[in-house]
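Because the structure is a prediction, the values reported are computed rather than measured. Naming convention: chains lettered A, B, ... in sequence-line order (proteins, then strands); numbering from 1 in each chain. All values below come from the heavy atoms of this structure, side chains included, with hydrogens, waters and symmetry mates left out.
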Number of protein chains: 2
Amino acid sequence: MKITIKDIAKMADVSTATVSKIVNHKDQNISQATRQKVLDLIEIHNYVPNRVASSMITKKTNSIGLIIPDITNPFFPEVARGVEDYAKLEGYHVILCNSDNDLDKEVSYIGMLQEKMVDGIIFTSSSLRNKVSKEFLRLQIPVITVDRDITGMRAQGKITVDNTTGAYQGVSYMIERGYKRILHLGGPMTSKPALDRFEGYKTALDDHGIKYDEKLFFEGNYNAQWGYEGVAQAITNNLEFDGIFCGNDMIAIGAIKALNEKGISVPENIGVIGFDDIYMATVVTPNLTTVRQPNYRMGYKAAEMLIELIKHPERKMKDVVLKTKLVIRESTK
Amino acid sequence: MKITIKDIAKMADVSTATVSKIVNHKDQNISQATRQKVLDLIEIHNYVPNRVASSMITKKTNSIGLIIPDITNPFFPEVARGVEDYAKLEGYHVILCNSDNDLDKEVSYIGMLQEKMVDGIIFTSSSLRNKVSKEFLRLQIPVITVDRDITGMRAQGKITVDNTTGAYQGVSYMIERGYKRILHLGGPMTSKPALDRFEGYKTALDDHGIKYDEKLFFEGNYNAQWGYEGVAQAITNNLEFDGIFCGNDMIAIGAIKALNEKGISVPENIGVIGFDDIYMATVVTPNLTTVRQPNYRMGYKAAEMLIELIKHPERKMKDVVLKTKLVIRESTK
DNA sequence: TCTCTCTAGGTAAACGTTTACTTAATTATA
DNA sequence: TATAATTAAGTAAACGTTTACCTAGAGAGA
């Protein structure tokens, strides 16, 4: 039998209220003698308070849900780590949910999280989808989105990255280094980040007196496969280009692989730049020049905002837009 | 105000017991008319059952704790995904805990998980540490360890990988391909997997008539940094070798980087083989020949065992030892 | 001495479910 | 027709806490 607050109370010959006060450090009005007696008993009998019972009363579970598409996607472990770190600091637990960007799974998770009475939800997406289940819109608890909006819903908080400026800086850098015809292998244009990066790309060209050529723009997915195929296709089509701005690092990694196989040298013949700065970027040959996204920060910030909202639901949160940073390595000359 | 089972019961003019039975599908003895009436009310008012209240009675929270050192380490997302996938299948939630192999954090997490009344715990470690907190030993709930033992504790279940055979196969393959003096850049020998791989390495040499030379064995960590340094050191020491068997892929990636920088060609001059088969192995140049560990499987299996134990605590679990697989790519000739 | 204010703790309801047991009505069986 | 069995519910305790409110005694001030 598990030992409860009643057992401790009986043994200490006090009421459960007294024990409760001591356990929760609301014990200004408890004598040192009683406190010590109770604390000793707790230690001896290894009493651990049942937080599900407390939750019934306090209406707080001290847990938050983290919905991401796939922890296996190298983008997400860092944001997960960020939210977990801050959550722990504040005594919250995080429940990990992999949605695979699948509406059904999302609905199912939202249901489970609601039933478990989580205090809030952080929602991250790889932005491959723009719809969101109506279950989301019904939610009574605070939701923070990171990296994207939820259409039709005003989430209580929003963390994004300044993708436009990031792309602008990356592309500008390429132009300044002498690259003139820069291919853009973008992510899916249904997603805001992909759109913003495309925007930054165009503006950078424009500001440097280069006319945007739509033949140099390809829309695809966020994976290495697509980077590989995109380059292969461009070459087959005899497209002329001397640089590639990729929608993310995975695309860039695929692109470099294709170039290597064709015997095209990076960065001498063609420069490549990615987006994200995942660890792999430092490991491929050549090391990838890329626009770093503060993934850990995003997660951490998201948890910060969420927990502040949990504590003060009436507070209005300002959206936060994090800055990117150009990381120059070897894939550009 | 959140709507409760009582509200539904009142509106449907039935008892809460009836509603409860319907919600939990224990409704053989409920008339279709009543069932439908209640179901409709639930739908209309968007009633969601409070599982923390149920947990009080059923003594089950349907959640499990997953303690890993760091989700950011490329080894772990796959195992996390494995446990999450199976857990979801069975209606369990997983609470993610990053321990950083730090005893204090571990103790803190165990405390929190106990208080939250998780039904079981999966404990994974990067094997950098062998001690475990006494809090672990006190735990009343089932614990499954993956990848390593907990010293002094008989966990209710254990998932490991046959590291010895894996190493044996990898090293044998190198020898058969003509490599003769094979360096071993191992992980920390405080960890069982590192030891077993070392064992497999020696046995393979032995079985192929090559004498083990202790000058060719280096003990280190599990990261790329160490691989880089290990090789640099070996070269500085004018050590003669034509192959490297690495304690894991990260080490191998670091080693290849060092070799590349010295202008030593892989695999022509020196062959390199890793362990794990993380995604990065397919992305470095040359692609890494490695011994694949079934990470996802490990996580999945662990969740399977844990949940079986939760349902049938009396059952005795057989330890499972998963097989590795040699994946031949480009870093060996 | 009387009243007031602290101090140290106790009382008991409440949180939202589940479930063992009970009950009333209906149907089947002999 | 009398009884047994089945169906379709309802009753109320229990789960382990927290907390608003209460109380008894001690000391202080007048």
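Using a 4.0 Å heavy-atom distance criterion, B/Asn29 is classed as a base contact. At the heavy-atom level, B/Asp13 lies under 4.0 Å from the strands shown only through sugar-phosphate atoms. Nucleic acid contact class of B/Ser55 (heavy atoms, under 4.0 Å, all strands): none. If you check every strand for non-hydrogen atoms under 4.0 Å, A/Val52 touches nothing. Counting any heavy atom pair closer than 4.0 Å across all strands shown, B/Lys59 reaches sugar-phosphate atoms only and no base atom. Looking at heavy-atom distances under 4.0 Å, A/Ser15 makes contact with a base. When heavy atoms are screened at a 4.0 angstrom cut-off, B/Lys6 is found touching base atoms of the nucleic acid.
In this structure, A/Lys21 does not reach the D/dT19 phosphate: none of its side-chain N or O atoms is under 4.0 Å from OP1 or OP2. OP1 or OP2 of D/dA9 has at least one side-chain nitrogen or oxygen of B/Ser31 nearer than 4.0 Å.
Looking at B/Thr72, B/Asp70, B/Ile71 one by one, the single match for side-chain contact (heavy atoms from CB on, under 4.5 Å) with B/Ile68 turns out to be B/Ile71.
Every pair passing side chain to side chain donor-acceptor pair (under 3.5 Å) that includes a residue from residues 48-58 of chain B is listed here, sequence neighbours excluded: A/Glu115-B/Arg51.
At its two ends the helix from C/dT1-D/dA30 to C/dA30-D/dT1 runs along axes set 50° apart, each axis drawn from five pairs and the angle rounded to 10°.
Annotation: A/Lys10, atom NZ; neighbour count of heavy atoms from other residues, nucleotides and ligands within 6.0 Å does not exceed 12.
Contact footprint of chain B on DNA chain C: nucleotides with an atom under 4.0 Å from a non-hydrogen protein atom, first to last in 5' to 3' order, C/dG16 to C/dT19.
We find that A/Glu304 and A/Lys301 are joined by a salt bridge, their nearest charged nitrogen and carboxylate oxygen being less than 4.0 Å apart. Checked for salt-bridge contact, A/Lys311 and A/Glu308 miss the test: no charged N lies under 4.0 Å from a carboxylate O.
With hydrogens and angles left out, the side-chain atoms of B/Asn73 and B/Tyr222 include no donor and acceptor closer than 3.5 Å.
Each of B/Thr34 and B/Met56 was matched to the nucleotide of DNA chain D holding its nearest heavy atom; the match closer to the 5' end belongs to B/Thr34.
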